[in-house]
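For reference, the structure is listed below as structure tokens.
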Amino acid sequence: MQRRVRIAPSILAADFARLGEEVRAVTSAGADYIHVDIMDGHFVPNLSLGPAVVAALRPHSGLPFDVHLMIAPVDPFIAAFIDAGANIVTVHAEAGPHVHRTLQLIRQLGGKAGIALNPGTPAEAVDPVLDQVDLVLVMSVNPGFGGQTFLASQLTKIRALRHRIDACGRPIELEVDGGITPETAASVREAGADVLVAGTAAFRGGPTAYGDNIRRLRGDPP
Ligand code: DX5
Ligand code: ZN
């Protein structure tokens with residue numbers, strides 16, 4: 001059975017000179033979450049935004065802010081992102097030795113906790129912390145940059161995580177991030193994803209195209 005997927009536009013692909021307007025435009029175009037990619041030039045080879053930008057964007061949308069932390073160390077920055085208005089805070093399983101502690105910290109501070117897996121990390125990596133998470137994020141590109149090609153090798157992992165989540169019986173969202181287009185979205189929806197992150201494909205064509213872009217990613221007619 002296919003569920004109705006939620007769409008999380010990644011503002012990494014938005015016009016950075018007009019970020020507030022871009023967030024308002026995807027919100028009114030039917031997005032479900034605002035995905036914010038945080039990169040540190042150390043865990044991933046790129047730099048993006050910090051908590052001050054998250055705080056500045058917060059008044060521009062009532063949607064949940066889905067903050068994807070590609071940073072190491074991560075613990076010293078969790079409180080700053082939650083204070084800035086992050087609702088879901090996702091950290092990488094590969095970012096340090098104490099991911100269980102990090103997930104606990106996110107929840108203690110009132111956030112929803114997500115765990116992300118790089119393409120080279122197996123599905124089993126989530127097993128010891130499945131009781132501590134509200135979201136599992138499968139990276140379908142190597143993190144660090146938008147506009148990369150979807151790795152079809154990750155579909156097996158998405159299906160495996162769908163089974164694990166269904167078996168555990170808790171309401172954990174399964175999110176997929178990287179190289180999502182209307183074409184790759186179809187296979188990711190079929191594999192059981194709940195949330196699709198899209199940067200390039202969501203922001204292509206400017207604000208007047210965002211509604212159609214989002215509908216195509218959902219598999220709805222434009
Ligand atoms: C990559 C980021 C993604 C990225 C997706 O490190 O986590 O969220 O912005 O961009 P597209 O959709 O262009 O692959
Ligand atoms: Zn992301």
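For ligands, and for the atoms within them, numbers begin at 1 and follow the listed sequence. Note that these values count all heavy atoms, side chains included, but never hydrogens, waters or copies made by symmetry.
- Taking a cut-off of under 4.0 Å to the non-hydrogen atoms of Gly178, the atoms of ligand 1 that pass are 14 (O).
- Dense packing is recorded around CZ of Arg107, with more than 12 heavy atoms of other residues, nucleotides or ligands lying under 6.0 Å away.
- In His68, the N, O or S atom that comes nearest to the Zn ion (ligand 2) is ND1.
- Asp37 contributes OD1 as its N, O or S atom closest to the Zn ion (ligand 2).
- Contact annotation: the side chain of Ile180 approaches that of Phe150 to within less than 4.5 Å [non-hydrogen atoms, C-beta and beyond].
- Heavy-atom minimum distance, Pro9 versus Tyr33: CD-O, 3.1 Å.
- Taking every heavy atom of Met139 and a limit of under 4.0 angstrom, the matching atoms of ligand 1 come to 7 (O).
- Distances below 4.0 Å separate heavy atoms of His68 from the following atoms of ligand 1: 7 (O).
- Residue contacts with ligand 1: Ala198 is included, with a non-hydrogen atom under 4.0 Å away.
- Only the side chain of Asp177 comes within contact range of ligand 1, with a heavy atom under 4.0 Å; no backbone atom does.
- Nearest protein heavy-atom contact of atom 1 (C) of ligand 1 is Phe145 O, 3.6 Å.
- Considering each of Ser10, Gly144, Gly147, the one bringing a non-hydrogen atom nearest atom 11 (P) of ligand 1 is Gly147.
- Its N, O or S atom nearest to the Zn ion (ligand 2) is what matters here, and for Asp177 that atom is OD2.
- A side-chain donor-acceptor contact under 3.5 Å links His35 and Asp37.
- Under the 4.5 Å side-chain heavy-atom criterion for ILVMFWY residues, no single connected hydrophobic cluster contains both Phe43 and Val141.
- Residue Met70 has no nitrogen or oxygen atom sitting less than 3.5 Å from a nitrogen or oxygen atom of ligand 1, judged on distance alone.
- Checked by distance only, ligand 1 and Thr200 come closer than 3.5 Å through their nitrogen or oxygen atoms.
- Heavy-atom contacts of Leu12 reach the following atoms of ligand 1: 9 (O) (cutoff under 4.0 Å).
- Some N or O of Gly199 is nearer than 3.5 Å to an N or O of ligand 1, by distance alone.
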